[in-house]
There are 2 protein chains.
Amino acid sequence: MAMAEREAGPRPGGRSARVQASVHRAARDLLARMDRAAVTIPLIAAEAGVTPSTIYRRWGELNELLADVAVERLRPDMVPVETGSGRGDLLAWAEQYAEEMSSGIGREMIRDVLAAEGETGPRRCCSYARQQIAVIAERAAARGEAFPDIDTVLDRVIAPILFRILFDEALATERVGGLVENAFTAA
Amino acid sequence: MAMAEREAGPRPGGRSARVQASVHRAARDLLARMDRAAVTIPLIAAEAGVTPSTIYRRWGELNELLADVAVERLRPDMVPVETGSGRGDLLAWAEQYAEEMSSGIGREMIRDVLAAEGETGPRRCCSYARQQIAVIAERAAARGEAFPDIDTVLDRVIAPILFRILFDEALATERVGGLVENAFTAA
DNA sequence: CTCCAAACGCAAAATATTTGCTTTTAGCGC
DNA sequence: GCGCTAAAAGCAAATATTTTGCGTTTGGAG
């Protein structure tokens, strides 16, 4: 897989990038140590050592900034573990995914991403999942195994997991196995 | 099915209920005729003929109010059409559901519901879907047909529809049929 | 090195939010 | 019907936030 393009910042290393980094860090720190509703742009600005207007001009509003931060935190940082089979890989990965997303902080991040104006945040999250699944699918293909379409996995595994987290109660981890099984039944 | 409890307002008919009604109406009107980002609490208050503090005290913040309005608009107002079979009923209902939710306004409403603090809004939306599916399921049972669990329908039909709307691109209506088929395959 | 455009800081102005206190209102017992 | 009461709304002052105009800094290109 090719090196990912640099995603957010303008030219790397410039002042702009430094400000973005410190604002992101400030936001993460504040979210970690205080109630989400109490986090405001002036607060983040103070913590980051910049003026509020800098943040307003760059992000527009709190939601956009938090969504930006959340998308970055949702970016997968490791390749899916290998278990010996595509089915096992998918199960292991999906269970961990469900676990992470069900946590209070995970849920908050998803909501932050969805609350922002544009659709690029949600799309990016979707493509992160796609990438991870593609890695598993390619490994399975290399072994000559059958493996479902990525879109099938999205519909039958990822969608139910996120749906339950967002609209109902988080899925028990045991139920992920059933979802994975269903993804492997012929479409 | 029993008459639903009155959901939102305090005592019916009181001043409180009138204020709630006019604020809801004002919010809907404003959302219809101007950009979502331009709608503010002072604006809604003026339109509704109340003071902003009334809204702040009752709803706390714009998101909560908009979520409240959205949940109300998402409440189903008709019983699923009868087509002669459970499968047909589910397909017809799911297609219409996907259609409505994919529209700009539908998407906005879902996002408003998710953006609010508590989880009661999303839960309520989920239970609306559950109720509609239950009606279809009961009719199917009365005819002696096999029909999937409601949770299976949520996982295999509703979840993918909403997932695509929120995170990717809205599903083409033709694809709903495939989802319904999958719901009918043995778990 | 000098210049340019982009991004930031600063501070004043405009809006939005919070809050203490007063007034209104609907329901309740008489 | 008549007060009484608690809940909710109005009002307005105090805060907090967002927006904006303008001057300054900064990093990069020529």
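Since the structure is predicted, the reported quantities are computational estimates derived from the model, not experimental observations. Just so we're on the same page: letters track the sequence lines, and every chain starts at 1. All values below were derived from every heavy atom in this structure, side-chain atoms included, with hydrogens, water molecules and symmetry-related copies excluded.
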Examine distances only and state if a side-chain atom of [X] and a backbone atom of [Y] form a donor-acceptor pair shorter than 3.5 Å.
X: B:E64; Y: B:E117; value: yes
X: B:R28; Y: B:V69; value: no
X: B:Q132; Y: B:M78; value: yes
X: B:R111; Y: A:A116; value: yes

Tell me: CZ of A:R18 to C1' of C:dA7, nearest whole Å? 12 Å

Gap between atoms CD1 and P, on B:I55 and C:dT15 respectively (whole Å): 18 Å

With a 4.0 Å limit, can you tell me whether B:T51 has a side-chain N or O closer than that to the phosphate oxygens OP1/OP2 of D:dG10? yes

If two hydrophobic side chains count as joined below 4.5 Å and joins carry through other members, does A:F163 share a cluster with A:L74? yes

Residues A:S102 and A:R164: side-chain donor-acceptor under 3.5 angstrom: no

Distance alone, cut at 3.5 Å: any donor-acceptor contact between the side chains of B:T173 and B:E99? yes

Angle between ring planes, B:F184 versus B:F147, binned at 30° and 60°: parallel, tilted or perpendicular? perpendicular

Expected list for residues 27-36 of chain B near DNA chain D, using heavy atoms below 4.0 Å, is none

Check DNA chain D against residues 43-50 of chain B and give the residues with a non-hydrogen atom under 4.0 Å, in numerical order. B:G49, B:V50

Starting at the 5' end of nucleotides 18-25 of chain D, put B wherever the base has a protein heavy atom under 4.0 Å, S where only the sugar-phosphate does, and a dash everywhere else. SBBBB--B

Can you sort out the partners of A:Y56 under ring pair (Phe, Tyr, Trp, His ring centres under 6.0 Å), two or more places apart, ordered by chain and number? none

Any idea which heavy atoms bring B:A70 and B:V113 closest together, and the distance? CB-CG2, 3.7 Å

Write down the atom of A:V180, the atom of A:A94, and the distance for their closest heavy-atom approach. CG2-CB, 4.5 Å

If you restrict it to nitrogen or oxygen atoms, what contacts under 3.5 Å exist between nucleotides 4-6 of chain D and the protein, and what is each distance?
none

Applying salt bridge (Lys or Arg N to Asp or Glu O under 4.0 Å), name anything that partners B:E108, two or more places apart in sequence or on another chain. B:R36

If the test is side chain to side chain contact (heavy atoms under 4.5 Å, CB included), which one of B:I158, B:D149, B:V157, B:D151 qualifies with B:I133? B:I158

